[in-house]
J.: 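Submitted below is the structure of interest, expressed as structure tokens.
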2 protein chains.
Amino acid sequence: MKITIKDIARMAGVSIATVSRVINNSKPVNEDVRMRVLKAMEQTNFLPNAMARNLAKNKSYLLGVMIPDVKNTVLDDLIHGINHVSELYGYNTMLSLTSGMLENELHYFNKFREIQADGIILASDYLKENLITNIKQTNIPCILVGRDRSDAIPSVHIDNITAAYEAVTYLIQQGHRKIGMLRLRNEDIASGYHRYQGYAQALTEAGITINGDWVIECGVSVEDGMMAMRKICETTDIPTAIFCATDRIAIGAINYLYERGLSVPDDISIYGFDGIDMASIIRPKLSTVKYSATEIGMTAARNLIKLIKGETITPRHWVIPHYLKNRESVRLLK
Amino acid sequence: MKITIKDIARMAGVSIATVSRVINNSKPVNEDVRMRVLKAMEQTNFLPNAMARNLAKNKSYLLGVMIPDVKNTVLDDLIHGINHVSELYGYNTMLSLTSGMLENELHYFNKFREIQADGIILASDYLKENLITNIKQTNIPCILVGRDRSDAIPSVHIDNITAAYEAVTYLIQQGHRKIGMLRLRNEDIASGYHRYQGYAQALTEAGITINGDWVIECGVSVEDGMMAMRKICETTDIPTAIFCATDRIAIGAINYLYERGLSVPDDISIYGFDGIDMASIIRPKLSTVKYSATEIGMTAARNLIKLIKGETITPRHWVIPHYLKNRESVRLLK
DNA sequence: CTGAAAGCGCTTACAG
DNA sequence: CTGAAAGCGCTTACAG
């Protein structure tokens with residue numbers, strides 16, 4: 001039923017080698033012969049078997065991509081960036097959702113190995129040593145996304161520390177001194193930790209002592225942001241501004257404050273991080289750290305492909321620019 | 001460098017056939033032999049080459065999944081549903097983003113064929129005949145998602161007509177008679193059209209004449225919703241309620257009204273469709289048609305796999321339940 | 001410019 | 001229970 005090169009060869013009255021040559025344009029072929037082959041291919045709606053080709057060439061033109069989940073703009077942009085340059089270079093992309101869990105990452109890492117992916121792009125908030133060891137030892141080209149400080153493996157990310165530093169410094173410039181943070185959990189050296197570092201650095205430089213009660217660890221969902229904000233509100237002395245590790249957390253925080261009858265920014269100012277599309281839809285419009293996830297994706301894919309080709313890439317870590325998008329959720333305190 | 005079955009066979013002192021048997025558990029193997037093989041595999045961190053296996057077995061255990069984009073909860077849930085049952089049955093999933101464009105769908109459809117995907121799940125709002133013809137003629141197992149009335153190919157979807165009918169009937173029950181709709185474009189028989197049909201049916205049954213000025217075609221983004229709402233506001237006689245084809249459109253509509261200084265639901269009531277997570281975060285909380293995209297995904301994957309196995313599936317169309325989630329965005333008119 | 005043949009890394013009758 | 005060999009659908013020196 002399924003038609004193969006052999007069938008085409010028979011129809012066109014040539015050898016399978018010749019068919020292969022016209023498919024791949026790998027060697028000169030007489031024009032009339034080429035025409036016969038092309039015609040046979042067209043008539044039969046023939047498409048070459050990629051599995052067989054990959055096996056023969058020992059190359060899959062497959063890029064494995066792992067991301068935690070998919071329901072936010074940043075990740076969507078990231079994927080589009082990756083896909084865009086992958087296609088440019090003739091690669092296909094295989095997307096796996098890990099929910100950010102190590103066990104899933106390990107699982108898909110092996111799946112990618114089995115399917116002979118030429119390289120892997122790994123977007124992971126909480127990278128465990130375990131996986132790194134695995135990657136290094138299998139020696140498969142790999143690029144990390146969204147994380148800094150991973151000397152072992154090339155990466156592309158934003159400068160989380162500086163970005164957070166700038167956001168919090170902005171809050172201070174607006175007159176805030178009682179500034180809390182809804183931060184991500186500090187498993188390993190995740191961006192969660194770096195954003196906290198930037199927060200701490202800004203406060204310290206301004207001579208402000210960090211109040212541990214105002215620093216709450218939380219998950220990544222809107223609901224997590226709501227719960228974390230509740231904890232802040234239960235402290236006796238409530239801060240005037242909250243820096244949130246992500247926009248989703250910030251939106252949760254705003255939501256909780258709204259339900260509690262508090263006003264943003266009149267009662268409490270909120271600052272987000274990521275610049276997702278909902279940040280400009282929510283009321284008040286959320287001030288946030290913005291950057292181009294598309295650019296991150298494109299840079300990651302480009303360099304992964306270089307790696308695959310055996311080119312030495314330098315630098316081994318790329319930093320994508322960020323900027324503050326100040327909107328309505330921060331109040332000027334005088 | 002890359003290690004193969006042959007290497008394992010040599011290390012364990014057996015034939016490659018035997019190694020294959022322990023890998024696949026396909027035939028009884030002496031316990032000590034099995035142990036030697038297992039040990040060699042472990043020592044070398046060996047993973048079988050899926051390309052080679054697939055070629056030999058003429059089976060890829062790969063499911064191609066096409067979705068328009070990825071930045072909303074519905075699609076995220078859908079993917080999780082698909083992945084969940086795929087893994088249960090030992091299948092891998094290859095995700096492609098089509099942006100809902102026919103040319104991309106055609107492109108990925110061929111990519112899936114080349115890579116020998118065992119089957120395809122296709123989530124497409126605007127399905128063109130072109131693609132259907134292609135699918136039928138290649139004879140590759142395929143399930144459509146999110147669309148009704150595609151007799152040619154099995155599908156799983158919600159009952160868009162009835163769901164829209166119920167939502168609009170609810171608006172009527174709340175006393176509204178001047179009801180507009182922000183609908184999706186009517187290319188082919190997309191869900192956009194069916195949701196409009198339900199809207200029209202509810203009005204007609206209630207003896208209300210449809211006002212063409214109040215029915216605006218729009219795209220799928222929040223911005224599209226804003227623009228469409230603007231058009232409604234420019235009509236001389238403004239409706240009291242708007243039924244929106246998706247939550248994103250509804251959020252855009254609410255956003256536009258807010259900017260214009262109009263209140264939802266006091267000035268205008270808004271009804272959404274899809275039940276994305278932001279619907280309960282936005283203020284006012286959005287009333288919407290809810291359904292489980294996870295369930296759609298699971299059903300689609302399950303039946304695709306049956307199709308692949310050659311089982312005859314019946315019915316060929318599955319309808320996933322929906323329900324109205326009434327919240328704050330609709331006002332009771334008396 | 002073209003074809004016969006070996007090889008990619010597996011699986012699976014077939015024979016023992 | 002085990003191995004030698006053919007075959008999956010391609011690619012690519014090699015020879016002509």
Side-chain angles (χ1 to χ4, degrees), chain A residues 1-38 40-41 44-62 90 110-118, chain B residues 1-38 40-41 44-62 90 92 110-118 138:
Chain A
M1 190 57 250
K2 200 165 270 184
I3 107 126
T4 72
I5 277 201
K6 219 174 190 168
D7 302 314
I8 302 297
R10 194 179 311 120
M11 288 179 63
V14 297
S15 73
I16 61 168
T18 298
V19 176
S20 173
R21 280 168 197 136
V22 353
I23 291 175
N24 298 293
N25 244 300
S26 50
K27 288 259 174 120
V29 170
N30 251 342
E31 204 42 33
D32 59 321
V33 174
R34 174 192 306 283
M35 284 335 241
R36 290 211 308 276
V37 172
L38 253 21
M41 285 172 53
T44 53
N45 197 9
F46 169 77
L47 240 34
N49 182 327
M51 295 267 166
R53 184 194 325 119
N54 299 345
L55 183 60
K57 298 185 80 151
N58 191 26
K59 176 123 177 68
S60 68
Y61 291 95
L62 229 47
N110 283 336
K111 284 293 175 196
F112 287 155
R113 279 184 62 206
E114 287 185 14
I115 204 106
Q116 310 298 110
D118 288 337
Chain B
M1 190 60 247
K2 200 163 270 183
I3 109 128
T4 71
I5 277 203
K6 219 173 190 170
D7 302 313
I8 301 296
R10 195 179 311 118
M11 287 181 63
V14 298
S15 72
I16 61 168
T18 300
V19 175
S20 173
R21 280 167 197 137
V22 353
I23 290 175
N24 298 294
N25 245 301
S26 49
K27 287 260 173 117
V29 171
N30 251 344
E31 203 42 33
D32 58 322
V33 173
R34 172 191 309 282
M35 283 335 240
R36 290 213 306 277
V37 172
L38 254 21
M41 286 173 50
T44 53
N45 197 10
F46 168 78
L47 239 37
N49 182 327
M51 295 267 168
R53 185 195 322 118
N54 298 346
L55 182 60
K57 298 185 80 151
N58 189 27
K59 178 126 178 64
S60 69
Y61 291 97
L62 228 45
N92 284 114
N110 282 337
K111 284 293 173 194
F112 287 155
R113 278 183 63 205
E114 286 184 13
I115 203 103
Q116 311 298 113
D118 288 338
T138 58

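A, B, ... follow the sequence lines: proteins, then strands. Residue 1 opens every chain.
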J.: Under 4.0 Å between a side-chain N or O of Ser20(A) and OP1 or OP2 of dC10(D)?
T.: no
J.: If you look at every strand shown and take non-hydrogen atoms under 4.0 Å, does Ile23(A) touch a base, only sugar-phosphate, or nothing?
T.: nothing
J.: Of all the nucleotides listed (dA4(C), dG3(D), dC8(C)), which has the minimum atom distance to the side chain of Arg21(B)?
T.: dG3(D)
J.: Between atom CD1 in Ile16(B) and atom P in dA4(D), what is the gap in whole Å?
T.: 9 Å
J.: Ignoring backbone atoms, establish whether Asn24(B) has a side-chain N or O less than 4.0 Å from OP1 or OP2 of dT11(C).
T.: yes
J.: Taking atom P of dA5(D) as reference, at what distance in whole Å does atom CD1 of Ile5(B) sit?
T.: 18 Å
J.: Could you state the CZ-P distance from Arg34(A) to dC1(C), rounded to the nearest angstrom?
T.: 9 Å
J.: dG9(C) C1' sits how many Å from Lys57(A) NZ, rounded?
T.: 18 Å
J.: Would a distance-only check, ignoring hydrogens and angles, find a side-chain to backbone donor-acceptor pair under 3.5 Å from Asn30(B) to Val33(B)?
T.: no
J.: Could you give the CD-to-P distance, from Glu114(A) to dC8(C), as a whole number of Å?
T.: 21 Å
J.: Side chain of Ala17(A) only, please: which of dC8(D), dA4(C), dC10(C) is the nearest?
T.: dA4(C)
J.: Measure from the side-chain N and O atoms of Arg36(A) to the backbone N and O of Ala12(A), and report whether any donor-acceptor pair falls under 3.5 Å.
T.: yes
J.: With distance as the sole test, does Ser60(A) use its side chain to make a donor-acceptor pair with the main-chain N or O of Asn54(A) at under 3.5 Å?
T.: no
J.: Give a yes/no answer on whether the side chain of Ser15(A) brings an N or O atom under 4.0 Å of OP1 or OP2 in dG3(C).
T.: yes
J.: In whole Å, I'd like the distance from the CG atom of Asn25(A) to the C1' atom of dT11(D).
T.: 15 Å
J.: Determine, stepwise, if the pair Ile115(A) / Met51(B) fulfils side-chain contact (heavy atoms from CB on, under 4.5 Å).
T.: CA-CA 6 Å; Ile115(A) 204 106; Met51(B) 295 267 168; 4.2 Å; yes
J.: Could you check which nucleotide pairs with dA13(C) in any of the strands shown, counting Watson-Crick or G-U wobble with both distances under 3.5 Å?
T.: none
J.: What is the pairing partner of dA4(C), taking Watson-Crick or G-U wobble pairs with both distances under 3.5 Å in any strand?
T.: none
J.: Would you kindly compare Ala52(B) and Val14(B) by the position of their nearest DNA chain D nucleotide and give the one closer to the 5′ end?
T.: Val14(B)
J.: Without decimals, in angstroms, what is the distance between Arg10(B) CZ and dG3(D) C1'?
T.: 16 Å
J.: Does Asn30(B) place a side-chain N or O at less than 4.0 Å from the phosphate oxygens OP1/OP2 of dT2(D)?
T.: yes
J.: Does Asn49(A) reach a base, just sugar-phosphate, or nothing at all? Heavy atoms under 4.0 Å.
T.: sugar-phosphate
J.: Would you check if Asp118(B) and Leu62(B) make a side-chain contact, meaning some heavy-atom pair closer than 4.5 Å?
T.: no
J.: Is a side-chain donor or acceptor of Thr44(B) paired with a backbone partner of Ala40(B) at a separation under 3.5 angstrom?
T.: yes
J.: Just compare dA5(C), dC10(C), dG9(D) and give me whichever is closest to any side-chain atom of Thr4(A).
T.: dG9(D)
J.: Using atom NZ of Lys59(B) as one end and atom P of dC8(D) as the other, report the distance to the nearest whole Å.
T.: 18 Å
J.: With DNA chain C as reference, determine whether Pro28(A) or Arg53(B) sits nearer its 5' end, using the nearest nucleotide of each.
T.: Pro28(A)
J.: Taking the C1' atom of each, how far is dT12(C) from dG16(C), in whole Å?
T.: 16 Å
